[in-house]
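Here's the structure, in structure tokens; my notes come after.
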Amino acid sequence: MFDIKSVVRPNILGLEPYRCARDDFKVGILLDANENTKGPALTSLTEEEELLDLNRYPDPHQIVLKQQIVDFRNLSVNANKTAASEPISPDNLCLGVGSDESIDMLMRCCCTPGKDKILTCPPTYGMYSICATVNDVDIAKVPLLFPGFQIDVESIISTIKGDSTIKLIYLTSPGNPTGQLIKVIDIIKILEVQWNGFVVVDEAYIDFTESESSASESMCTLVNQYPNLVVLQTLSKSFGLAGIRLGITYSSKELASYLNAMKYPYNISSLTANIATRATGTETGLGVMRKFVDHVTKQRQWVLENLQKLDGIGKSIGGFDSNFLLLEILDSEGKPSNHVAEKLYTKLATENQVVVRFRGKELNCTGCLRISIGSEEESATLVETFRKCLKEVRQ
Ligand SMILES: Cc1ncc(COP(=O)(O)O)c(C=O)c1O
């Protein structure tokens with residue numbers, strides 16, 4: 001049986017969350033939090049800003065926003081969810097300053113510095129290792145299988161069974177920079193291993209998956225069924241709100257209660273909560289998000305087809321489950337080349353103001369550029385600029 005109390009650090013298990021007078025009393029003359037009761041130091045405010053009471057600390061719990069998020073995600077239920085498993089509710093959530101905060105918070109919750117480890121599957125998102133380094137946590141690495149970029153289930157299982165200091169496995173699905181959805185059935189095999197640690201599935205790109213039933217691939221509705229599952233999502237990608245910094249952690253209610261006790265009480269600003277509530281509302285944002293996703297999936301195909309007509313563009317080695325492509329750049333002999341890819345990357349950015357990402361130094365990504373999918377106009381310029389620059393860098 002999974003024992004959460006042996007994974008969460010003892011100092012967190014016993015943590016009393018910060019409390020303020022506003023938890024008990026919300027109306028009247030509020031002189032309890034050392035705020036400026038005159039209002040914000042601004043010469044003018046829009047009507048909407050006026051309603052946000054920006055001189056006051058924000059709501060630490062965000063229940064309305066959380067309810068909207070779970071209502072939306074409960075609409076599409078992962079095929080692996082059993083009928084007996086409860087739908088997710090606000091108690092399963094902890095909101096953070098982007099999923100970057102969630103990635104870090106989980107490490108601080110479960111890994112004792114200088115003692116515990118996380119497991120990652122390269123090539124993967126860079127923040128797991130940055131947070132691990134900051135927290136003085138070691139990393140066990142089990143590379144993604146190549147080609148295909150799926151997880152190596154057997155190696156992951158033998159690694160966690162052989163090392164009881166591994167407390168968290170970070171899986172990115174769909175992957176970055178791979179753009180490949182990880183098979184849910186493989187993740188479930190790991191969830192079912194007798195092992196005291198959490199499987200963290202980072203679903204930053206889940207809404208872009210190629211699958212017909214896109215959101216139903218999300219594992220977030222399985223957190224009441226698997227107490228060792230944590231799912232991360234963000235409003236930075238499909239919702240187009242990277243600037244507001246809102247990340248969502250889905251987990252068992254018990255883990256969510258520890259995470260909520262740990263977080264800075266006012267980590268989600270009133271401005272962020274306001275925009276996030278509009279974006280996740282049926283009338284005000286979800287339709288727009290779905291249109292964005294539809295646009296990106298069509299545009300992704302157009303960009304791929306048109307770039308692949310050019311000499312010097314090789315295979316797309318990633319999947320099509322995200323808002324970017326991972327493409328090989330070839331030298332004059334037709335081989336993927338870091339030298340040519342890096343030259344192209346620099347030329348695109350410095351002489352043409354077209355900025356993509358060089359990923360050639362990531363495991364099994366030799367010669368690769370990662371290209372985000374932009375608007376139709378941006379895509380047309382991208383293809384033309386590639387045409388021009390590729391010729392020059394491959395001479
Ligand atoms: C896989 C993955 N996880 C998390 C993030 C960070 O998301 P956020 O903007 O919510 O911090 C990114 C951003 O690129 C990402 O690629």
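Just so you know, ligand 1 is whichever comes first in the structure, and atom 1 is the first atom listed for that ligand.
One finds the CD1 atom of I244 at 5.0 Å from the OG1 atom of T272 (value rounded to the nearest 0.5 Å).
Classification of the F208-Y205 ring pair by plane angle, with boundaries at 30° and 60°, yields tilted. Relative ring orientation between Y345 and F358 is described as tilted, the plane-to-plane angle lying within the 30° to 60° band.
Taking both residues in full, the closest heavy atoms of P177 and R359 are given as CB-CD, 4.0 Å, listed atom of the first, atom of the second, then distance. N196 approaches M1 most closely through the heavy-atom pair OD1-O, 4.1 Å.
Protein residues with a heavy atom closer than 4.0 Å to ligand 1 are G98, S99, D100, Y125, T172, N176, D202, A204, Y205, T234, S236, K237, R245, listed by chain and number.
For the residue pair E376/S379, the side-chain donor-acceptor check at 3.5 Å is not satisfied.
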